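Notes follow once the structure below has been shown.
Because the structure is a prediction, the values reported are computed rather than measured. Hydrogens, waters and symmetry mates are skipped; everything else that's a heavy atom, side chains included, is used. Along the sequence shown, residues carry numbers from 1.
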Amino acid sequence: MNTFAQQNDQIKYSEALDRSLQFGVGKLTRGISPAALMLAFFDWYFHLLIHPAKQLELYELYEQGILYFVNQYFGHISGDSTGEYCILTSPTDKRFVDKSWQKFPYTFFYESFLLIQNWWHLAATNVRGANHHHTDMVDFTLRQILDMLSPSNSIFTNPEIQKATIDQNGHNLIKGFENFLDDSRRYQENLPPAGAENFVIGENIAVSPGNVIYRNRLIELIQYSPTTNKVYAEPVLITPAWIMKYYILDLSPKHSLVNYLVKKGHTVFMISWKNPKKKDCDLGMEDFLNLGIMSALNVVSAIVPKKKVHLVGYCLGGTLTAIATATMARDNDNRLVTMTLLAAQTDFNQPGELGLFIDESQIAFLENMMQEKGFLDTHQMAGAFQLLRSNDLIWSRLVHDYMLGVRKPLTDLMAWNADATRMPYKMHSEYLRKLFLQNQLAEGKYFVKNKPIALTDINLPIFVVATERDHVSPWMSVFQINLLTPGDVTFTLTSGGHNVGIVSLPSKKTKRYYRISTLKEDARFIDADSWYHSTKPKNGSWWPAFEKWLTKHSHHQQVNPPEMGCEKEGYIPLEKAPGSYVLQK
């Protein structure tokens, strides 16, 4: 008996040692599993070794590149350059757009870099026999390395930095060094970025008037004050993602979807998630469902009785919204009138580059890291998202802030983006395994209260918004909702990325555009590419189209606004919006 107990103690000690070791490694690798990366490179490299056709193709490309640059070099020297480019930058690559890059030798620097970058991309992809996930990881990793070595990142090869240094007698480098020291201090002390002090929650962002009328272990529920004498009878309940603070949908008044809907006569409720600590490590996906959406829905139904609810979910909150709606359909709970998903996935078969961080090795590595603290740290999450857009979020910042010595002014959206939250161990593990890795929701294998749910049970009008440049929820993945639900789906594809595309206030001066159409229940399925090319873009914001759709699915006879809370049910105003949970660090 003692031997058995000793063995158990030894196992626990070994597991604790594993977690501590992987936690330490994870801090160095920013949460990326070295084992997953090594497996990917071995798979790619050994398949490339037995792929002579691919090797020949790469060798020929290499020869062509050398010949081209020899001709270009001597052409520049003799003044007889053709001026033709061997490879062009992508429309989203802004590193070499300045006119100074078009002069020799800078043209030579950046063209050679782009040619090398393109060669390695071709080397990493389309290797017969290699696992596609592995080749994507190799391609992604090589791109990160090459982006680090870009001529735009060095004062010796970047003409913009050189000109600024000459014009300012080096003061740009002094200012850049000061910026670097300031950012380093803020990172070490876990402080927000420079400029964030100009955006104060409750003062100039998250300022839509209202009250917190319910609070539990996980959420505060905000009821916003009406601004119209009459309102639509059906309220709107918004479920934001808990990976960040809720107020992306209530930024400054000109960028607030909440403010926009309230002014149009809608009664709006918003869930504000708690920022979890170590003691909350046992909170799982079902807790977020029950303590989150279902608890909030019970409160809304008490305040606005006998009226159905428009349920809206953003990002991860949208995925939970789909889970809640499918659960309610299974249980014959008919309290919803519509469902809206904003940049939210329900089918994780095509997760985009975020899927590079999702496999068995990576998840096991993250689980060990999270067990050490009880949650996924905000710095670990930020590191992964920054890598997805390293040119914009890492290297361009290095150039502008630290070499040119110029900080870009912080906007309300950028301030929100820096206000990250933690992710409880159990929830994040279940989310990654059940949704990303196993795709249980799309395949009808996701269980709620020990019984499966199916998106095919949802028979409500659905409004879906995706964004063209979404690196978190790729729009073609979001489009799969049309295959998974039987009802009418109004699908909207807007310009911008995961956040900018959603925050889209109507304005006459806007450069925004969107595509929209309703795919009827009895219509034939159309694939994403065909839909894109057959649906003409419209100028402006998608917000008016969404509000018009909400109105269409509401009773046209407006009513008096509901009371703030419901005293007889115990839901009384606890404090003014935005509440306490949003202020937690």
For the residue pair Y260 and W543, does the interplanar ring angle fall in the parallel (under 30°), tilted (30 to 60°) or perpendicular (over 60°) class? tilted
Is the W542 ring parallel, tilted or perpendicular to the F546 ring (thresholds 30°, 60°)? tilted
All heavy atoms of G501 vs all of T467, minimum pair found to be CA-CG2, 3.8 Å
Measure the spacing between CG of L37 and CD of Q362 and express it to the nearest 0.5 Å. 9.0 Å
Between R217 and D280, is there a side-chain N and carboxylate O pair less than 4.0 Å apart? yes
Apply side chain to side chain contact (heavy atoms under 4.5 Å, CB included) to the pair E468 and R515, showing each step before the final yes or no. CA-CA 10 Å; E468 285 187 343; R515 290 172 167 83; 3.4 Å; yes
Note: E547-K263 ion pair, threshold 4.0 Å (strictly below): no
On a heavy-atom basis, which atom in M564 and which in S225 lie closest, and how many Å separate them? CE-OG, 3.6 Å
Could you tell me whether the side chain of D139 and the main chain of T125 form a donor-acceptor pair under 3.5 Å? no
Taking all non-hydrogen atoms of both residues into account, name the closest pair between C315 and H498 and its distance. SG-NE2, 3.2 Å
Ring-plane angle category for W273 and F288, please: parallel below 30°, perpendicular beyond 60°, tilted otherwise. tilted
Ignoring hydrogens, what is the shortest heavy-atom contact between P192 and R186? Give both atom names and the distance. O-NH1, 2.7 Å
Checking N204 against S252: is there a side-chain donor and acceptor pair closer than 3.5 Å? no
D98/K163 ion pair, N-O < 4.0 Å: no
Could you grab the distance from atom CH2 of W242 to atom NZ of K274, nearest 0.5 Å is fine? 15.5 Å
Out of the candidates T321, N499, T340, only one should pair with Y314 under the side chain to side chain donor-acceptor pair (under 3.5 Å) rule; please name it. N499
Evaluate side chain to side chain contact (heavy atoms under 4.5 Å, CB included) for V309 paired with F269, printing each intermediate quantity in order. CA-CA 10 Å; V309 179; F269 294 82; over 6 Å; no
Check: N179 side chain, D401 main-chain N or O, donor-acceptor pair, under 3.5 Å: yes
Examine distances only and state if a side-chain atom of T107 and a backbone atom of W101 form a donor-acceptor pair shorter than 3.5 Å. yes
So how far is it from M244 CE to T421 OG1, rounded to the nearest 0.5 Å? 7.0 Å
Donor + acceptor pair across side chains of D250, S256 (<3.5 Å): yes
Answer yes or no on whether R95 is positioned over the face of Y110, meaning its NZ or CZ is under 6.0 Å from the six-membered ring centre and within 45° of the axis. no
Can you tell if the side chain of I222 reaches within under 4.5 Å of the side chain of N211, non-hydrogen atoms only? no
Pick one: which of Y514, W531, F463 meets ring pair (Phe, Tyr, Trp, His ring centres under 6.0 Å) with F491? W531
Which value, rounded to the nearest 0.5 Å, describes the distance between D419 atom CG and Q584 atom CD? 11.0 Å
Could you tell me how the ring of F109 sits relative to the ring of Y106: parallel (under 30°), tilted (30 to 60°) or perpendicular (over 60°)? perpendicular
